[in-house]
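Read through the structure below, which is laid out as structure tokens, and then see the notes.
Note that the coordinates shown come from a computational prediction; the quantities given were computed from them, not determined experimentally. In what follows, every chain begins at residue 1, and chains take the letters A, B, ... in the order their sequences are listed.
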Amino acid sequence: MVARAAREIAPGMVVNLGIGLPTQVVNHLASDFPVCLHTENGLTGIGPAKGYDTADRNLIDAGGAYVSTVPGSAFFDSATSFAIVRSGRLDLTMLGAFEVSATGDLANWKIPGKFSPGAGGGIELAQKARRVVVLTSHMDRAGNPKLKQACALPLTARGCVERIFTDMAVIDVTPRGFALIETAEGISTAEVVRATGAPLILPDAAVPTF
Amino acid sequence: MRLPDKTCTMEEAIFGIRDGDTVMIGGFGVPGTPMTLIRALVDHGARDLTLIKNDANEPGMGIDHLLQSGQVARLITTHLGLNSHAIGLMNSGAIQVEFNAQGILAERIRAGGAGLGAVLSDIGIGTELAAGKQVVEMNGSPYLVEPALRADVALIHADRADLFGNLAYVGTAQNFNPLMAMAARRVIVEAEAVLPLGGIAANDVHTPGVFVDHVVELETLSKEYAVVQR
């Protein structure tokens, strides 16, 4: 699923990979692939991750992982970093999710009473990136669907998600609701339908696998 | 003419901080967090502080020392995810926490530093982050009024400073430091190296020294500045 999500990145894009699963997408990009990776804490041109032995103590990504630069990287302050986000320079962001609604609402920052560490830069990424896609497990740990008709949790942003990559499927948010685009190898359409908490529009032809 | 020398000792720099002050502290994770100034503020003992900082570092690091010592009444921040201790204090009501969207916190500080009253933003409209905020219409669209933030004191970490307080940062240690260095009544800088006047080429200055009040050179870097092996 991470490898499939990596194919979402087109040459020339400016991309922000959210904390968690999305960060792993970078491992599926060829070293000469033309892309500019952005991180909220003030870097464009993120290079490969660094081990503790070779890490630069002043060079982390927004998740606190040690990263490197590439030829052409730039450092800047937090205001400039979010000017990039809010002014539409970010072509794509990949975010994690607790819930996604059939209208593309995203909830990924707060579970009242259980988890409320603050949204960091997630609200601006979700609201302002030109394209927002989500990488998430299809169901939560209790086996409940994360894709729902409406989100129950506090929203990060409304109507922002365009595509969802899960361990079971690729699903688009369309004006008519969730639409199945692809299924993971070995997963049937019926299984995806059962694991999704809202109606799923199925393609007329056979569903491609990834 | 000669630009004034603003170097002083750690004790002189921290001396004027008072109970109830609002203190901006630079840093995003370890990079740019003024670990030594924070330790000095713990030793100084000012209480009932309002801290403005992007994150709460990690347990036993950075501003967690101020949380542990009970000197913090209120924290204006964006994310506490790496500090379970801070989350515990928030959940128990021991500290009051105000969450901001990260770039909006940056802009509120920038506005404070630029002598402005507020910024207008549509970030968070339609979510609970908009609750209680004034809404104005501008060019036909609704915007939230995000009041500017200023502080009594800012604690800044720079890679290099000159005697006048011109500053240069490295890597991702820039983050909130240049913004906070403009937005406080008194700006205190710890620098890994303090250079003579002219030691930072005019073209390479990130924060002009005119914003800076006190410069303290770090003799050594404590292990809190080192790579964190989680």
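The distance from atom CG of A:L90 to atom SG of A:C36, rounded to the nearest 0.5 Å, is 9.0 Å. The line from CD1 of B:I38 to CG of B:D64 is 10.0 Å long, rounded to the nearest 0.5 Å. Considering CG of B:L37 and CD1 of B:I156, their distance stands at 9.0 Å, rounded to 0.5 Å. The CG atom of B:N166 sits 11.0 Å away from the CG atom of B:D204 when rounded to the nearest 0.5 Å.
Of the listed residues A:G122, A:G64, A:A157, A:S81, the one with more heavy-atom pairs under 4.5 angstrom with chain B than any other is A:G64. Of the listed residues B:N83, B:D122, B:D159, B:I125, the one with more heavy-atom pairs under 4.5 angstrom with chain A than any other is B:D122. Ranked by heavy-atom pairs shorter than 4.5 Å toward chain A, the options B:L82, B:N91, B:L80, B:N177 are led by B:L80. The choice from B:G81, B:A101, B:A173, B:G32 that makes the most heavy-atom pairs within less than 4.5 Å of chain A is B:A101. Each of A:L155, A:I60, A:T69, A:D105 has some count of heavy-atom pairs under 4.5 Å with chain B, and the biggest count is that of A:I60. For chain A, the option among B:T77, B:V227, B:V228 with the highest count of heavy-atom pairs below 4.5 Å is B:V227. Of all the listed residues (B:L129, B:T172, B:T78), the one sharing the greatest number of non-hydrogen pairs under 4.5 Å with chain A is B:T172.
Interface residue A:A62: backbone and side-chain heavy atoms are both found under 4.5 Å from chain B. Within the 4.5 angstrom heavy-atom criterion, atoms from both the backbone and the side chain of B:Q229 approach chain A. Proximity to chain B (any heavy atom under 4.5 Å) is shown, for A:A79, by both the backbone and the side chain. Only the backbone of A:T156 comes within contact range of chain B, with heavy atoms under 4.5 Å apart. For a residue to count as touching a neighbouring chain, one of its non-hydrogen atoms must lie under 4.5 Å from one of that chain's; by this rule B:I123 touches chain A with backbone and side chain alike. With a 4.5 Å cut-off on non-hydrogen atoms, B:Y225 touches chain A through its backbone and its side chain both.
Across A:L153 and A:A107, no two heavy atoms sit closer than the pair CB-CB, 3.9 Å. The two residues B:I109 and B:A183 have their closest heavy-atom pair at O-CB, 3.5 Å.
Inspection of the A:N41 and A:T39 side chains reveals an N or O donor paired with an N or O acceptor under 3.5 Å.
Between A:W109 and B:F99, the ring planes are perpendicular. Angles over 60° get that label, and only those under 30° would be called parallel. In this pair, A:Y66 and A:Y52 present their aromatic rings perpendicular. The plane angle is above 60°, beyond the 30 to 60° band.
When the heavy atoms of residues 126-139 of chain A are compared with those of chain B, the residues falling under 4.5 Å are A:Q127, A:K128, listed by number.
Annotation: A:F98 is in aromatic contact with A:F115 [ring centroid separation under 6.0 Å].
In this structure, B:N175 contributes its side chain and B:P31 its backbone to a donor-acceptor pair below 3.5 Å. Judged by distance alone, the side chain of B:E146 and the main-chain N or O of B:R108 form no donor-acceptor pair under 3.5 Å.
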